[in-house]
Amino acid sequence: MKHPAYYMRPNKAVDRLALVDVIRLVVNPEELADYTYYSMGGPTLEDFRMIYEFFPELRMVCIEENEDTYKRQSSTCRVVFIG
């Protein structure tokens, strides 16, 4: 069964906030820098924005492979952190 496009899911913001809550409950704040968040990111990188807002010390890696989506991400993302 094919899943609906991510942008068509009405409660994706709830999913993101649930992930933030789980990270807060499970990970010791002093150890956040030891973890990496992997995601496809989607065309607007909204999940990366939210994760960075709550956990700026968490490393993030986008594994997007769709060339058109990657181009859109490149125009959306104003700053790239490499570290």
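Computation of the quantities below employed the complete heavy-atom set of this structure, encompassing side-chain atoms and omitting hydrogens, waters and symmetry-equivalent molecules. Please read these numbers as outputs of a predicted model, since none were measured by experiment.
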Indicate yes or no: at least one non-hydrogen side-chain atom of [X] is less than 4.5 angstrom from one of [Y].
X: V20; Y: R24; result: yes
X: F55; Y: V27; result: no
X: I63; Y: V61; result: yes

side-chain contact (heavy atoms from CB on, under 4.5 Å) evaluation trace for L17 with M50: CA-CA 8 Å; L17 288 172; M50 182 173 282; 3.9 Å; yes
Pairs under 3.5 angstrom only: tabulate donor-acceptor contacts from the side chains of residues 29-41 to other protein residues two or more places apart or in another chain.
from: T36; atom 1: OG1; to: R59; atom 2: NE; distance (Å): 3.0
from: T36; atom 1: OG1; to: R59; atom 2: NH2; distance (Å): 3.2
from: Y37; atom 1: OH; to: D47; atom 2: OD2; distance (Å): 2.7
from: S39; atom 1: OG; to: G41; atom 2: N; distance (Å): 3.0
from: S39; atom 1: OG; to: D47; atom 2: OD2; distance (Å): 2.5

side-chain contact (heavy atoms from CB on, under 4.5 Å) involving R49 - partner list, sequence neighbours excluded: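 R49: side-chain contact (heavy atoms from CB on, under 4.5 Å) contacts with E46, E53.
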